[in-house]
Asks: 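Have a look at this one before I ask anything.
Everything numeric here is computed off the predicted structure, so don't read it as measured data. Computation of the quantities below employed the complete heavy-atom set of this structure, encompassing side-chain atoms and omitting hydrogens, waters and symmetry-equivalent molecules.
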Amino acid sequence: MLEITGLTKVYEKYKAADEVSLTIGNGEIGILLGPNGAGKSTVIKSIAGLLRYQGSIYIKGKEARSIEAKKVFAYVPELPAMYEALTVREHMDFIIHAYHLQTSEAEVQKLLERFELWDKQDKLGSELSKGMMQKVSICCALIIHPDVILLDEPMVGLDPAAIKELKQVVLELKAEGVTVLISTHMLEMVRELWDIMFVMDKGHIVASYRKSEVKEEDLEELFFHVTDAGGGKEGSRPGEEL
């Protein structure tokens, strides 16, 4: 479970995130949806411990800054950063040793093959394309078997085959009881994935929707209503679930 209460991040006088609160249960896929600049990445980076913030964040009931919380969550950033002098395989080995994992060779091979990296495992970080770096970042996150995983615009830069595979992985994580939060501005990429959607604009959660309560044909209208008009469904209050 992921629980956020009153998350606020201020840059000088600008509030990138303003009293953001949301909860995603075990085995649920949450989508943080909104236009570029809405504050989505600020929320994600705060959860990941990359920003100082006000408010509280709990991962599986543990304070997000704690070592216990960090052991059970994984983060795939929008812009993956590789160690230039490490190979693809060495990135995986680094994570395995850092988390003290008992990971078999077969498991590593299966994961790298799944994202078409097995024959590229000797490539250096400096030699990787944006899409390949994204795949390595995803593999490094999955190898720790997280209880909570955060993905910031994870499908940008991936080829169609990798996008299809990542969607399947997300559904498998859901079936295993993992909490998934995906930040995106591209509704079409997550249309079939979500359980609960949080619509964010100008640093606020302006509305939230349960998939069971929203008709499929309404999704496009909801998306453009937020991105064009800058708010949630008419009559909703910030953070109100519809």
Side-chain angles (χ1 to χ4, degrees), residues 2 27-32 40-41 44-45 47-48 50 70-195:
L2 174 64
E28 285 193 327
I29 302 171
I31 304 298
L32 192 59
K40 305 184 303 297
S41 289
I44 293 292
K45 290 176 181 177
I47 299 169
L50 300 178
K70 293 181 183 297
K71 288 179 179 179
V72 297
F73 94 98
Y75 169 51
V76 178
E78 179 180 5
L79 299 174
M82 301 287 103
Y83 293 106
E84 293 186 357
L86 293 186
T87 65
V88 169
R89 178 54 187 264
E90 287 170 341
H91 278 88
M92 296 288 285
D93 290 340
F94 175 78
I95 296 297
I96 290 169
H97 289 297
Y99 282 81
H100 304 289
L101 303 174
Q102 300 297 318
T103 307
S104 68
E105 175 67 18
E107 183 178 353
V108 174
Q109 179 174 347
K110 181 179 179 180
L111 190 54
L112 290 176
E113 286 180 341
R114 187 165 191 178
F115 284 92
E116 301 180 329
L117 290 171
W118 180 249
D119 61 343
K120 301 176 181 66
Q121 60 179 311
D122 293 327
K123 279 187 171 291
L124 295 171
S126 60
E127 300 174 329
L128 302 180
S129 66
K130 166 67 164 62
M132 287 178 64
M133 287 193 289
Q134 189 77 342
K135 291 179 182 181
V136 175
S137 184
I138 291 168
C139 288
C140 287
L142 294 176
I143 200 67
I144 71 172
H145 297 286
D147 291 328
V148 176
I149 185 168
L150 316 177
L151 304 107
D152 191 3
E153 300 286 3
M155 298 168 193
V156 175
L158 292 182
D159 56 78
I163 290 174
K164 180 179 179 180
E165 200 62 49
L166 179 57
K167 288 181 178 181
Q168 182 58 38
V169 166
V170 168
L171 293 175
E172 291 171 8
L173 291 171
K174 169 184 167 67
E176 294 168 4
V178 176
T179 300
V180 181
L181 176 58
I182 301 173
S183 170
T184 186
H185 68 282
M186 298 187 298
L187 178 60
E188 67 276 9
M189 290 294 187
V190 295
R191 185 182 297 274
E192 70 273 36
L193 295 179
W194 65 289
D195 295 303

Asks: Measuring from atom CD1 of I149 to atom OH of Y75, what distance do you get when rounded to the nearest 0.5 angstrom?
Replies: 12.0 Å
Asks: Could you work out, with side chain to side chain donor-acceptor pair (under 3.5 Å) as the rule, every residue matching T184, not counting sequence neighbours?
Replies: E153
Asks: Not counting sequence neighbours, which residues clear salt bridge (Lys or Arg N to Asp or Glu O under 4.0 Å) with K167? List them please.
Replies: E192
Asks: Excluding sequence neighbours, so at least two apart, what forms salt bridge (Lys or Arg N to Asp or Glu O under 4.0 Å) with K174?
Replies: D195
Asks: Between atom CG of L128 and atom NZ of K120, what is the distance when rounded to the nearest 0.5 Å?
Replies: 10.0 Å
Asks: Partners of Y83 by ring pair (Phe, Tyr, Trp, His ring centres under 6.0 Å), sequence neighbours excluded?
Replies: H91, F94
Asks: To the nearest 0.5 angstrom, please state how far the CD1 atom of I47 sits from the CG atom of L32.
Replies: 8.0 Å
Asks: Are Q121 and V108 side-chain neighbours, meaning at least one heavy-atom pair lies under 4.5 Å?
Replies: no
Asks: Would you check, one step at a time, whether the test side chain to side chain contact (heavy atoms under 4.5 Å, CB included) holds for E107 with I143?
Replies: CA-CA 8 Å; E107 183 178 353; I143 200 67; 4.1 Å; yes
Asks: How long is the span from the CD atom in E116 to the CG atom in D159, to the nearest 0.5 Å?
Replies: 6.0 Å
Asks: After noting the C-alpha distance and the side-chain angles of L171 and I29, does the key distance pass the side chain to side chain contact (heavy atoms under 4.5 Å, CB included) rule?
Replies: CA-CA 8 Å; L171 293 175; I29 302 171; 4.2 Å; yes
Asks: Taking only residues two or more places apart in sequence or in another chain, which ones pass side chain to side chain donor-acceptor pair (under 3.5 Å) with Q109?
Replies: E113
Asks: Can you name the residues that form a salt bridge (Lys or Arg N to Asp or Glu O under 4.0 Å) with E90, not counting sequence neighbours?
Replies: none
Asks: For S183, give me all partners under side chain to side chain donor-acceptor pair (under 3.5 Å), at least two apart in sequence or on another chain.
Replies: D152
Asks: Would you name the heavy atoms of L150 and V148 that are closest together and state the gap between them?
Replies: CD2-CG1, 4.0 Å
Asks: Please give me the minimum heavy-atom distance between L124 and A85, naming the atom from each residue.
Replies: CD2-O, 3.6 Å
Asks: Does the pair T103 and M92 meet the rule for a side chain to side chain contact (heavy atoms under 4.5 Å, CB included), with working shown?
Replies: CA-CA 10 Å; T103 307; M92 296 288 285; over 6 Å; no
Asks: Find the distance between CD1 (I138) and CG (L166) and round it off to the nearest 0.5 Å.
Replies: 4.5 Å
Asks: Can you list everything that forms a side chain to side chain contact (heavy atoms under 4.5 Å, CB included) with P80? Sequence neighbours excluded, please.
Replies: M82, K130, M133, Q134, S137
Asks: Which atom pair, heavy atoms only, marks the closest approach of I95 to C140?
Replies: CG2-O, 3.7 Å
Asks: Output all residues satisfying side chain to side chain contact (heavy atoms under 4.5 Å, CB included) with S129, sequence neighbours left out; order by chain, then residue number.
Replies: M132
Asks: Output all residues satisfying salt bridge (Lys or Arg N to Asp or Glu O under 4.0 Å) with E105, sequence neighbours left out; order by chain, then residue number.
Replies: R89
Asks: What's the spacing between L2 CG and D147 CG if we round to 0.5 Å?
Replies: 12.0 Å
Asks: For K40, what residues pass the side chain to side chain donor-acceptor pair (under 3.5 Å) criterion, not counting sequence neighbours?
Replies: none
Asks: Which pairs with one or both residues in residues 100-150 pass ring pair (Phe, Tyr, Trp, His ring centres under 6.0 Å), sequence neighbours excluded?
Replies: none
Asks: Return the minimal non-hydrogen interatomic distance between C139 and L112, and the atom names on each side.
Replies: SG-CD2, 4.3 Å
